[in-house]
Asker: 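Take this structure, written in structure tokens, and hold onto it; I'll ask about it next.
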Amino acid sequence: MTRFFLVDIHYTIEAGKAILRLYGRDGKGKPVTLKDENFEPYFYVVCDDPAGLEDLKEDDFHVTKVEKEEKLLLEKPVTAYKVYVNLPTAVPVLRELAKDIGQTLEDDVLFARRYLIDKGLTPLDLVEAEVEGDSIKTIKAETGTYTPKGLAFDIETYTPPDRKEIDYDNPIIMIAVYAPDYQKVLTWKKAKGAEVLDSEKAMLERFVDVVKAYDPDILTGYASDGFDLPYLLARCKKLKVPLALGKDGSSVITKGRSRQEARITGIAHVDLYKFIRRVLGRTMKTQSFSLNNVSQELLGEKKQEVDLDNIGSAWDAGKIDEFVEYNLQDTKLTYNLMLKVWPSLLEMTKIVGLPLFDASRLSFSQFVEWYMMKKAFSMNELFPAKPGYREQTRRMGQRAQGGYVYEPEPGVYDNIAVYDYRSLYPSIIVSHNISPGTVNCECCKGKIPEHDMHFCKKKQGFVSGVIKELLDYRTTIKKQSQKNKDVVLEARAYALKVLLNSFYGYLGFAMARWYSTQCVEAITAYARHYVKDVIAKAEKQGFAVRYGDTDSCMLELGKKTEKDAKKFLQLVNKGLADPMELELEDVFPAGIWVATKGTAQGAKKRYALLDKEGNLKIRGFESVRRNAAVIARKTQQELLMIVLKDRDKEKAVKLVKDTVDKLRKNELPIEDVVITTQVQKTTDKYESVGPHVAAAKLMENKGRTVKKGTIVAYIVKKGEGKIRDRVQLAEDARQGEYDGEYYITNSLVPAVENILSVLGVSPESITEATQQTTLAGF
DNA sequence: TAACAACAGTCCCGAA
DNA sequence: TTCGGGACTGTT
Ligand SMILES: Nc1ncnc2c1ncn2[C@H]1C[C@H](O)[C@@H](COP(=O)(O)OP(=O)(O)OP(=O)(O)O)O1
Ligand SMILES: [Mg+2]
């Protein structure tokens, strides 16, 4: 009997047979490798007459047996034939032949993943195997707490002083690895603090040895899928060094060109850049996803800045001491980032049940889909086929209505109670049993809001059942995080929230296996119903409704107290079916809503609240937008603080006037007028060329690569004509080069005018008055 | 930086 | 000069 934490799984074909190898570590920290030779690949065929299935064959591929099974497809019973084949690689071949006989299903499930699903094993959790030698006889899942054994690494490459592109002809000059109990920097020129090897080749060989000796479960880098490992591989190939990091002695394997990934057999390679960018990217404030910026935001740690542009000349001059420090520092940051995201990453890996390598690279849709597939197996549901191209296009044209947003009345208000449904869409799915298989059942009647549709009340739906489990779990975590004010739990609750909301999105996602417009329509119709219901109830109770968006409702308490606010919460919750629940997030001493530009109408998705500790919670305003000029963002934020906290109109006016003045007199440093904007396509693809695209082209002219996602920092210069003809890269901007008038009219004034007008101050008075003082100065 | 969804504000370009 | 739409970013 062997018990161990499962880290990775991989299969090979030996003597015409698929052999799975499971890699992991036992409770004492000893590495474990076991093989399973008794798992057979298969797919399903749904048909009336299975004749001919057993005889399918092509080349070396053939069917080994066929079993009849009663399964469910989209929650309806079907008879399916389970077609076993001799090799995993036979599946994509024989399924094509089987298409003449019936509908093939589950014919695109990777073999190792199939194994994990069928055996119910969870990576990074315990498994228990009965073995003979190193061969698995039986295997089952257990539970235990895994402690990660990780190693971070980073390479530095030689770059000639005048070049910046990646060129595999340039050598790797340094490699660092970091774990709390082990650090090393390798290089091949004399340097303080490093182990100095004779040559690049020797260094690469040593690197392989170092990693093997440390024997990590997890090897982590920052952008290591796209840079470090492909680079290492290229240099190793050139110098004839096997990059044999695999636990079976195999080399690192890279895959894909646009979306590269580097796999190491038996070790979970985690590219933190990829994971952070995809999972946290949307919510991060950072200007770029450089290791430094990301560490700054996530860890509050900044590494020493070293000018890497000089690494080539420094190397040539043999002055590389500072790069040793720098290289190690990078790996330390990478390691700490790993620790930071570990609770969420571990959570997601265990939930989805795929190896860490795969789990850390999943998109949200893949995540949802693999989770559903895992659950489907245990509930005897067949995995529906992925939609074909035509079906995808058809779905693309469909659009379901979304959430309701209440139009606010511009103004400053006191004592705002903020209510918000906990996991609204997921809780609707669960409480109303929304699932493709429960739509308009024969056995029940009823009608959902806005649509002639109902959902079964008797039979548990597949999707609703799957989400219920996760939702209950998230609720526990969220409550714990609130109770203990624990940021780690909060991060986990957040990851789970996004995941849960992705189930709703997934049901309306064109490429989904489980796709249902009806479900999507139902979910959002219920959501609109529930948020409007709170609004109506609040009004009935005499509250002034100030705002609401999708699942939230903000009430001005007026003469009412916080106790009344809590009573109202009870009232609403009494009318809600489990697991739906409205939460009272907080009562804020003050809040402001403004008009949309050029109208008197209240702007949605733009407001600010002052909390009891005196902090601002700003939503939608320029101050939280990276593509607004820094000066506009700063001034607006200060202004909001003055308006909500100091309540000082004079001070507010003065702030803006002073800022206008400084802009006019060109007194502000360049950093204050920088605008950062992302290019979402390559620069040649633009129909309309805006300032940031013009700036991106300036970068390209300087020989810099601009890719999708590059964030461009620029300023607007004085001059005539279009704004795009007046941009200058922030890095090249000279002091005083910016156009103060542009920033006043197009940036600062728009950001503050609707706030000032709530106070009854007209923007003209601000700019005019300054003009007068300026003139008076002459 | 392909791939969970919809709703919404603002800036600037480009056609009329 | 006006106005619609492309582009980007944020909120839920
Ligand atoms: N990223 C998203 N994808 C799809 N739907 C979303 C997303 N974000 C929000 N929604 C929808 C579904 C949510 O239930 C609803 C309300 O959003 P929100 O209040 O932010 O989250 P939530 O209600 O799910 O969690 P909680 O309020 O407990 O943090 O809006
Ligand atoms: Mg909510």
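Residue numbers begin at 1 in each chain, while the letters A, B, ... track the order of the sequences. Side chains are part of it too, since the values below use all heavy atoms of this structure and drop only hydrogens, waters and symmetry mates.
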Asker: Taking the side chain of A:Ser688 as its heavy atoms from C-beta onward, which of C:dA7, B:dC4, B:dC11 lies nearest to it?
Answerer: C:dA7
Asker: Heavy atoms from C-beta onward define the side chain here; which of B:dC12, B:dA3, B:dT10 lies closest to that of A:Ile723?
Answerer: B:dC12
Asker: Could you check how far CD of A:Gln392 sits from P of B:dA5, rounded to whole Å?
Answerer: 12 Å
Asker: How long is the line joining CE of A:Met511 and C1' of B:dA3, in whole Å?
Answerer: 6 Å
Asker: Give A:Tyr607 one of three labels, base, sugar-phosphate or nothing, depending on what nucleic acid heavy atoms sit under 4.0 Å from its own.
Answerer: sugar-phosphate
Asker: If you check the A:Arg626 side chain, which of B:dT10, C:dG10, B:dC12 turns out closest?
Answerer: C:dG10
Asker: With rounding to the closest Å, how many angstrom separate the P atoms on B:dC4 and C:dG6?
Answerer: 23 Å
Asker: Suppose we define a pair by two distances each less than 3.5 Å, Watson-Crick or G-U wobble; what does B:dC4 pair with here?
Answerer: none
Asker: Measure centre to centre between the rings of A:Tyr273 and A:Phe227, then say whether the value is under 6.0 Å.
Answerer: no
Asker: Using a cut-off of 4.0 Å on non-hydrogen atoms, how would the nucleic acid contact of A:Arg724 be classed: base, sugar-phosphate, or nothing?
Answerer: sugar-phosphate
Asker: So A:Tyr742, base contact, sugar-phosphate only, or nothing? Heavy-atom distance under 4.0 Å.
Answerer: sugar-phosphate
Asker: Atom CZ of A:Arg528 to atom C1' of B:dA5: distance rounded to whole Å?
Answerer: 13 Å
Asker: Send over the distance from A:Asp420 CG to C:dT11 C1', rounded to a whole Å.
Answerer: 11 Å
Asker: A:Lys722 near the nucleic acid: base, sugar-phosphate alone, or nothing, with a heavy-atom cut-off under 4.0 Å?
Answerer: sugar-phosphate
Asker: Which class fits the ring pair A:Tyr419 and A:Phe568: parallel under 30°, tilted 30 to 60°, perpendicular over 60°?
Answerer: perpendicular
Asker: Would you say A:Arg259 reaches B:dA3's phosphate, i.e. side-chain N/O to OP1/OP2 under 4.0 Å?
Answerer: no
Asker: Would you say a side-chain N or O of A:Tyr547 is under 4.0 Å from OP1 or OP2 of C:dT11?
Answerer: no
Asker: Within 45 degrees of the axis of the six-membered ring of A:Phe462 and under 6.0 Å from its centre: does A:Lys375 put its NZ or CZ there?
Answerer: no
Asker: May I have the distance from A:Phe621 (atom CZ) to C:dC8 (atom P), rounded to whole angstrom?
Answerer: 24 Å
Asker: Side chain of A:Gln680 only, heavy atoms from C-beta on: which candidate in B:dC12, B:dA3, C:dC8 is closest?
Answerer: C:dC8
Asker: Heavy atoms only, 4.0 Å cut-off, all strands: where does A:Val520 land among base, sugar-phosphate and nothing?
Answerer: nothing
Asker: Choose from B:dC12, C:dG10, B:dG9 the nucleotide whose nearest atom is closest to any side-chain atom of A:Val624.
Answerer: C:dG10
Asker: Any side-chain N or O of A:Lys497 below 4.0 angstrom from OP1/OP2 of C:dT12?
Answerer: no
Asker: Side chain of A:Phe509 only, heavy atoms from C-beta on: which candidate in B:dG14, B:dC12, B:dA5 is closest?
Answerer: B:dA5
Asker: If the plane angle is over 60° it's perpendicular, under 30° parallel, otherwise tilted; pick one for A:Tyr547 and A:Tyr607.
Answerer: tilted
Asker: Report, as yes or no, whether the 6.0 Å neighbourhood of atom NZ on A:Lys604 holds more than 12 heavy atoms from other residues, nucleotides or ligands.
Answerer: yes
Asker: Do A:Arg546 and A:Trp593 meet the cation-pi criteria used here (NZ or CZ under 6.0 Å from the six-membered ring centre, within 45° of the axis)?
Answerer: no
Asker: Measure CD/A:Glu261 against C1'/B:dA2 and give the value in whole Å, please.
Answerer: 14 Å
Asker: Using the side-chain heavy atoms of A:Thr677, tell me which of these nucleotides is nearest: B:dA8, C:dC8, B:dG14.
Answerer: C:dC8
Asker: Need to verify one output field. Residue with the more 5' nearest nucleotide on DNA chain B, A:Arg399 or A:Lys708?
Answerer: A:Lys708
Asker: Is the closest side-chain heavy-atom distance between A:Leu748 and A:Tyr743 below 4.5 Å?
Answerer: no
Asker: Given B:dC12, B:dC11, B:dG9, identify the nucleotide with an atom nearest to the side chain of A:Asn746.
Answerer: B:dC12
Asker: Between C:dG10, C:dC8, C:dT12, which one does the side chain of A:Asp549 approach most closely?
Answerer: C:dT12
Asker: Within the 4.0 Å heavy-atom criterion, would you say A:Gly402 contacts the bases, only the backbone, or no part of the nucleic acid?
Answerer: sugar-phosphate
Asker: Given atom CD1 of A:Ile675 and atom P of C:dC8, what is their separation to the nearest angstrom?
Answerer: 14 Å
Asker: OP1, OP2 of B:dA8 versus side-chain N and O of A:Lys604: anything below 4.0 Å?
Answerer: yes
Asker: Heavy-atom nearest nucleotide on DNA chain B for A:Lys605 versus A:Ser363: which residue maps closer to 5'?
Answerer: A:Ser363
Asker: Is B:dA16 paired to anything, Watson-Crick or G-U wobble with both distances less than 3.5 Å, and if yes, which nucleotide?
Answerer: C:dT1
Asker: When you measure from the side chain of A:Arg625, which nucleotide among C:dC8, B:dC11, B:dG14 comes out closest?
Answerer: C:dC8
Asker: Reckon A:Ala400 touches a base, only the sugar-phosphate, or nothing at all at heavy-atom distances under 4.0 Å?
Answerer: sugar-phosphate
Asker: Regarding A:Tyr686, tell me which of base, sugar-phosphate or nothing describes its non-hydrogen contacts under 4.0 Å with the strands shown.
Answerer: sugar-phosphate
Asker: At less than 4.0 Å, is any side-chain N or O atom of A:His692 found next to OP1 or OP2 of C:dC8? Yes or no.
Answerer: yes
Asker: Taking CG from A:Leu362 and P from B:dA2, how many angstroms apart are they, rounded to a whole number?
Answerer: 17 Å
Asker: Report which part of the nucleic acid A:Gln366 touches: base, sugar-phosphate, or nothing (heavy-atom distance under 4.0 Å, all strands).
Answerer: nothing
Asker: Would you tell me if any nitrogen or oxygen in the side chain of A:Lys681 comes within less than 4.0 Å of OP1 or OP2 on C:dA7?
Answerer: yes
Asker: Under the criterion ring-ring contact (aromatic ring centres under 6.0 Å, His included), which of A:Tyr506, A:Tyr504, A:Phe503 is the partner of A:Tyr425?
Answerer: A:Tyr504
